[in-house]
Amino acid sequence: MRERFDVVIAGAGPAGAQCARDLAERDYDVLVLETESEDGFPRQSNKSTAGTFMSAMTSFSIPDEVVMNYTDNVVLESPNDHYVRKQTGAVLEFAEFKRWLVAEGRDHGATYRFDARVSAPIMENGEIAGVRYDGDEEVYADIVIDATGPAAPLAKKLDVCDLQRDHQAIGVEYELEGVDVNHDDYADLRDAMMLRLDHDLAPGGYSWIFHTGADTAKVGLCYIQNGSHHKYAKDGMGIDDYLEYWLDSDPRFDGAERIEGQQHRGSAHIQPPKSMSTDRFMAIGDTVPTIDPLWGEGIHKGMKSARAAAATVDAALTPDEPDTSAETLSVYDQLWHSDVAPKHSARLMMTELLYLAPNERYDQLMADLRQTADDTLKQINSGDRRAIAKLAHLSDVPVIAAYARRRLGI
Ligand SMILES: Cc1cc2nc3c(=O)[nH]c(=O)nc-3n(C[C@H](O)[C@H](O)[C@H](O)COP(=O)(O)OP(=O)(O)OC[C@H]3O[C@@H](n4cnc5c(N)ncnc54)[C@H](O)[C@@H]3O)c2cc1C
């Protein structure tokens, strides 16, 4: 006898676990296969700083119990300046958040199987009919969802995604105590999430300090190992060396110590999606990839993609004659482009331009942001190309030319 579910989801990250939660709530028979063991879950996948905003907290009813610290401001730092924007958010305890999502799904009836590494799709008549996991184990479903993040074992084999190495951003962070979050020479970072643009510390990327209460903070950096990184990189230094270099050179960390066992690392792809569904199959979260390219907000985006996929499952399986064809499931692609990650290509352009710009331009950017009206800032943040152009200076021509050359591959 074949084991069969309405939906099988690979991966219990924010995207997969949220999708299971939504589907179980609608009484679908859903199975989640997660590669890690349940004991100590999550370990390798405990990778995120987990800063998020109130829209995510309310849309997905995220409880206070998984919040380390509520924040009031977002601070942008450049080598010699900073810009403060009032925006409330929350820094989550990522591991607790992941376990809470699993518990929520289970409460609604979802089945979880840990120690279950998904390796390949089972194909029938040219369509995915189930998945192979843990070597020889098999399970079948009407619809299969890949939510394994950058691993993407199903989406890659079905040729749905095309995650490229030279678009892969890598990140590492430590949790520290003894951090001077209100140092005289810098912005006040109490109850703030700070992102720093500075090629000396994070060549071709950015670094961050997210206050987690009292004198503790999550401190990390990320970059894409592409042309911009190579231009500004220091010889022989890897990502851990950059983090150590920052900790050694910034006075805010003079009395700081690492909190044992609290180190997080991971990767995500900053690139346009190839596609995200086919017959009986959808990819969600970082598998697509859905993460916001500019500031790496992947949790809320991933959960939104999960919700769009769950709504699409509903539309496909509710009729008396279920229709799981590529055409029906392409509703998910439309929802992704309109609701989950609107203006994704404009945000990708902003990201590339930002990381190509030199350090001096970052100081100028802080001054520009202070002088830009709130409405325009909102338009810029939503990827409005006209509003973005308002931030351009004549001196940006070389950066724009470099961007154009990269686009054209010359
Ligand atoms: C250093 C760092 C800092 C970040 N900071 C933030 C932040 O502050 N705010 C924010 O919003 N986002 C942040 N992100 C991004 C965010 O963490 C991701 O976008 C988000 O976790 C993606 O969720 P996901 O469910 O798509 O994938 P993942 O979180 O990658 O989850 C995938 C799950 O699938 C499992 N899995 C993998 N392979 C298999 C397999 N073959 N079979 C079965 N299971 C498998 C994994 O164990 C994991 O549980 C950060 C990322 C990194 C790396």
Side-chain angles (χ1 to χ4, degrees), residues 8-20 31-38 41-53 55-56 62 68 71 74 89-92 94-95 97-99 101-102 112-121 131-134 137 145-157 161 168-175 193-195 202 205-210 212 218-223 239 243 263-270 283-306 309:
V8 167
I9 300 172
Q18 177 57 42
C19 195
L31 170 70
V32 182
L33 299 168
E34 164 60 45
T35 189
E36 290 195 31
S37 58
E38 183 159 18
F41 174 77
R43 283 183 204 275
Q44 294 97 316
S45 67
N46 184 10
K47 62 183 189 183
S48 187
T49 315
T52 195
F53 295 102
S55 46
I62 300 173
M68 294 176 86
T71 52
V74 172
V91 183
L92 308 180
F94 191 59
F97 166 65
K98 281 189 76 165
R99 288 192 291 267
L101 271 179
V102 171
Y112 270 84
R113 206 162 285 166
F114 287 84
D115 281 317
R117 195 180 77 83
V118 171
S119 53
V131 301
R132 193 154 286 122
Y133 68 99
D134 268 359
E137 299 290 334
I145 294 178
D146 192 341
T148 55
L154 304 172
K156 281 180 190 163
K157 286 190 180 120
C161 79
Q168 187 181 27
I170 52 171
V172 63
E173 82 169 8
Y174 302 152
E175 288 187 35
M193 299 189 220
M194 182 280 273
L195 302 162
Y206 60 90
S207 57
W208 62 84
I209 301 176
F210 282 18
T212 47
K218 295 183 178 182
V219 178
L221 61 90
C222 67
Y223 51 71
I239 191 153
L243 186 48
Q263 176 178 301
H264 315 294
R265 66 175 70 238
S267 71
H269 291 78
I270 305 299
I284 61 177
D286 279 359
T287 303
V288 173
T290 306
I291 188 166
D292 176 58
L294 200 51
W295 300 121
E297 196 193 358
I299 294 172
H300 191 193
K301 293 274 174 198
M303 292 172 88
K304 280 169 102 173
S305 74

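When a ligand or atom number is given, it counts from 1 through the structure's own listing order. Keep in mind that this is a model prediction, so the values were computed, not measured.
Across T35, I170, T52, heavy-atom proximity to atom 43 (C) of ligand 1 is greatest for T35. For atom 29 (O) of ligand 1, the choice among G149, S45, P14 with the nearest heavy atom turns out to be P14. Nearest to atom 40 (C) of ligand 1 by heavy atom, out of D286, T290, T148, V131, is T148. Compare K47, K98, E36 by their heavy atoms: the one nearest to atom 1 (C) of ligand 1 is in K47. Nearest-heavy-atom check against atom 49 (O) of ligand 1 across E34, Q18, R113, Q263 picks out E34. Residue nearest to atom 14 (N) of ligand 1, selected from A50, G11, S48: S48 (by heavy-atom distance).
In this structure, the side chains of M303 and L101 come closer than 4.5 Å at one or more pairs of heavy atoms. For the pair E175 and M68, the minimum side-chain heavy-atom distance is below 4.5 Å. A heavy-atom distance below 4.5 Å is found between the side chains of K98 and F41. Between P14 and H300, every side-chain heavy-atom pair lies at or beyond the 4.5 Å cut-off. For the pair T52 and E297, the minimum side-chain heavy-atom distance is below 4.5 Å. F210 is not listed as a side-chain neighbour of T71, based on a closest heavy-atom distance of 4.5 Å or more. Contact of the K301 side chain with the I291 side chain is not registered, since no non-hydrogen atoms from C-beta on lie closer than 4.5 Å. S48 places a side-chain heavy atom less than 4.5 Å from the side chain of I299.
If you look at S119 next to ligand 1, there are no close heavy atoms at all, none under 4.0 Å. Only the backbone of A116 comes within 4.0 Å of ligand 1, judged by heavy-atom distances. Only the backbone of L33 comes within 4.0 Å of ligand 1, judged by heavy-atom distances. Neither the backbone nor the side chain of A10 comes within contact range of ligand 1; no heavy atom lies under 4.0 Å. Under 4.0 Å from ligand 1, the heavy atoms of A151 that appear belong solely to its side chain. Using a 4.0 Å cut-off between heavy atoms, Q44 makes no contact with ligand 1 at all. Of the heavy atoms in I291, only side-chain atoms (C-beta onward) come closer than 4.0 Å to ligand 1. Neither the backbone nor the side chain of Y133 comes within contact range of ligand 1; no heavy atom lies under 4.0 Å. Both the backbone and the side chain of E297 come within contact range of ligand 1, each with a heavy atom under 4.0 Å.
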Start with the C-alpha gap between C222 and Y206, add the side-chain angles, then the distance that decides, and say whether side chain to side chain contact (heavy atoms under 4.5 Å, CB included) holds.
CA-CA 6 Å; C222 67; Y206 60 90; 3.6 Å; yes

Set out, in order, the CA-CA distance, both residues' side-chain angles and the distance that settles side chain to side chain contact (heavy atoms under 4.5 Å, CB included) for Y174 and V219, then state yes or no.
CA-CA 6 Å; Y174 302 152; V219 178; 5.6 Å; no

Verdict with supporting geometry, H264 and V172, side chain to side chain contact (heavy atoms under 4.5 Å, CB included)
CA-CA 6 Å; H264 315 294; V172 63; over 6 Å; no

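The aromatic rings of Y112 and F114 lie parallel to each other, their planes meeting at an angle below 30°, with 60° marking the opposite boundary.
Remark: ligand 1 atoms within the under-4.0 Å shell around heavy atoms of I299 are 10 (C), 11 (O), 12 (N). Near G51, meaning under 4.0 Å from any of its heavy atoms, are these atoms of ligand 1: 7 (C), 8 (O), 9 (N), 10 (C), 11 (O). Close approach of ligand 1 to F210 (heavy-atom distance below 4.0 Å) involves ligand atoms 8 (O). The ligand atoms of ligand 1 that sit less than 4.0 angstrom from a heavy atom of A147 are 32 (C), 33 (C), 34 (O). Ligand 1 places these atoms under 4.0 Å from at least one heavy atom of G285: 26 (O). With ligand atoms numbered from 1 in the order given, ligand 1 contributes 53 (C) to contacts under 4.0 Å with heavy atoms of G266. In summary, the atoms of ligand 1 found under 4.0 Å from a heavy atom of G296, numbered by their order in the structure, are 6 (C), 10 (C), 12 (N), 13 (C), 14 (N), 15 (C). Below 4.0 Å from some heavy atom of F94 lie the following atoms of ligand 1, by number and element: 21 (O).
Taking any N or O of P153, backbone or side chain, none lies under 3.5 Å from an N or O belonging to ligand 1. At least one N or O atom of T49 sits closer than 3.5 Å to an N or O atom of ligand 1. Ligand 1 has an N or O atom lying under 3.5 Å from an N or O atom of V118, backbone or side chain. For ligand 1, the polar-atom distance check against V172 finds no nitrogen or oxygen pair separated by under 3.5 Å.
Contact detail for V32 and G11: the closest heavy-atom pair is CG1-O, 3.8 Å. Between S207 and L221, the shortest heavy-atom contact is CB-CB, 3.7 Å. Taking every heavy atom of both residues into account, I239 and G171 meet most closely at CD1-CA, 3.9 Å. Closest approach of A10 and L154 over heavy atoms only: CB-CD1, 4.2 Å.
Other residues, nucleotides and ligands place more than 12 heavy atoms under 6.0 Å from the CZ atom of R132.
Protein heavy atom nearest atom 10 (C) of ligand 1, with residue, atom name and distance: G298 N, 3.3 Å. Of the protein's non-hydrogen atoms, G13 CA, 3.4 Å is the one closest to atom 31 (O) of ligand 1. The protein heavy atom nearest to atom 25 (O) of ligand 1 is A15 N, 2.9 Å.
At a 4.0 Å cut-off, not a single heavy atom of C222 sits close enough to ligand 1 to count as contact.
No side-chain donor-acceptor contact under 3.5 Å links T290 to the backbone of G302.
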